[in-house]
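Before any comments, here is the structure.
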Amino acid sequence: MKVLGIETSCDETAVAIVENGSFLLSNVVNTQIDIHAVYGGVVPEIAARSHLEVMTPVIEEALRRAACTWDDIDAIAVTYAPGLIGSLLVGTLSARILSIIKQKPLYPIHHVEAHVYANFLTGGVRDESSGVSNYAFPANAPQFPVLALIVSGGHSQLVLFTAHGEYTLLGQTQDDAVGEAFDKVAKIIGLPYPGGPSIAKAALLGDDKAFKLPKARMQGAYDFSFSGLKTAVLRAIQHHVGVGYDFPSYKLAERLDDVSRNNMAASFQRTAIETLVDKTVAAFKDHSPTSVVIAGGVAANQELRRQLAERLPIEIEYPDIRLCTDNGAMIATLGYYRATKAINGATTISRENEVDPLQLEVAPSLSM
Ligand code: KG4
Ligand code: ZN
């Protein structure tokens, strides 16, 4: 079964084709990072317009690279929640129209849940010419119960999956997502957007003990908070360069020397990552999952991988970085599990999760 997945929830127009929830046939991502970088963050109206411009060519390219025509596609999966409303509308309207015209069943997909499914793409590649032949894939699919740490620009949560589609939200951020904190701290200290990769790079040159930053204490055992950490960075920088609270924050970076900038990048990264790892280790001890997976853009962070390897007794497999950040492959993979049912080890097509293309609405702030 071949599923075409469409993802447009934020600033990536992404389409991929996945076979049997396991083989990646193509993965096309048009990122808008350059367009938004000048503003230091995603501008929703510009994002929606850019999706509109490239949606059709990105779909066509995904089909071409997979050597597929619409006759080969069995279903369409599309992100309908959560995300920027204008961006979600471009993807869902495209999917609805295609579902009607091409007569394909349509599956609405929750973006955050889908991030976890990059870990199920274990089949690898079928065709060397598809543009995905240099991707790294996990060797083994996660085994339930699966503890998932989902960390992106919009989400930070710990979820325990007991089966496909069956999960419990153990904890989540009470304010900013961790990726958002990386992005905001980068802006304060004068590093380019997106903040995650630029902070990680600067941190390699810095002393991670140079600035002492607080870790939030939360009521929920697995909840996170990153807003206080971001403010602590702001206050520490104001203090370091010798200005008051009323000094314009966009001017702070000019006063910061490279050594201090790198030191703050390293200190912030260590504190933020330690917070994630503390909660993941606690959830692991309490729930004894068989597998642990890390999903979302922040999964690319090498310090996170290092600390988890040090503190968890089981090994974690990571998908290719291009499957950790936003992509259509994770949408198509979860789409496959929505479109099928495993009964006594045999997989059969099930239409119970299908949506009427005339009825599909977006849900910009729907949590998992
Ligand atoms: O999952 P994703 O591509 O988009 C969302 O659904 O949000 O995640 C993007 C986020 C951004 O906040 C970016 O700064 C962060 O992931 N990120 C990283 C790294 N690479 C990307 N954060 C920390 N370290 C990285 N290496
Ligand atoms: Zn995402």
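In listed order, ligands and their atoms are each counted from 1.
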If you take the centroid of each ring, where Trp contributes its six-membered ring, are [Y] and [X] closer together than 6.0 Å?
X: F211; Y: F268; result: no
X: H239; Y: Y245; result: no
X: F144; Y: F161; result: no

E303/R306 salt bridge by N-O under 4.0 Å criterion: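 Looking at E303 together with R306, the answer is yes, because their closest N to O distance falls below 4.0 Å.
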Ion pair present between D278 and K215, side-chain N to carboxylate O less than 4.0 angstrom?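 Result for this pair is yes, salt bridge flagged.
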At what distance is the nearest protein heavy atom to [atom], and which residue and atom is it?
atom: atom 11 (C) of ligand 1; answer: D183 OD2, 3.7 Å
atom: atom 22 (N) of ligand 1; answer: G196 CA, 3.2 Å
atom: atom 24 (N) of ligand 1; answer: N301 ND2, 2.9 Å
atom: atom 15 (C) of ligand 1; answer: V298 CG2, 3.9 Å
atom: atom 2 (P) of ligand 1; answer: D326 OD1, 3.3 Å
atom: atom 17 (N) of ligand 1; answer: G297 O, 3.6 Å

Need the ligand 1 atom indices (1-based, order shown) with element for anything under 4.0 Å from a heavy-atom of [X].
X: H115; result: 1 (O), 6 (O)
X: S152; result: 1 (O), 5 (C), 6 (O), 7 (O), 8 (O)
X: G154; result: 7 (O)
X: G153; result: 5 (C), 7 (O), 8 (O), 9 (C), 10 (C), 12 (O)

Using 30° and 60° as the class limits, which term best fits the ring planes of Y135 and F137: parallel, tilted or perpendicular?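 If you compare the ring of Y135 with that of F137, the planes turn out parallel.
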Taking both backbone and side-chain atoms of [X], is any N or O found less than 3.5 Å from an N or O belonging to ligand 1?
X: G296; answer: no
X: H111; answer: yes
X: T325; answer: no

Which segment of Q302 sits under 4.0 Å of ligand 1 when only heavy atoms are counted: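 It is neither part, as no heavy atom is under 4.0 Å.
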Using 0.5 Å steps for rounding, measure from the OH atom of Y336 to the NE2 atom of H164.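 One finds 9.0 Å between OH of Y336 and NE2 of H164.
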Answer with yes or no whether the side chains of [Y] and [X] bring together a donor and an acceptor at under 3.5 Å.
X: E317; Y: N119; answer: no
X: Q172; Y: H155; answer: no
X: Q269; Y: N301; answer: yes

N, O or S atom of H115 closer to the Zn ion (ligand 2) than 2.8 Å: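 Here the distance criterion (N, O or S atom, under 2.8 Å) is met by H115, so yes.
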Is the Zn ion (ligand 2) under 2.8 Å from any N, O or S atom of C10?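 Not a single backbone or side-chain N, O or S atom of C10 is under 2.8 Å from the Zn ion (ligand 2).
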Closest to the Zn ion (ligand 2), which N/O/S atom of D326 is it? OD1
Would you confirm whether E53, through its side chain, and M55, through its main-chain N or O, come within 3.5 Å as a donor-acceptor pair?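 A pair under 3.5 Å: no.
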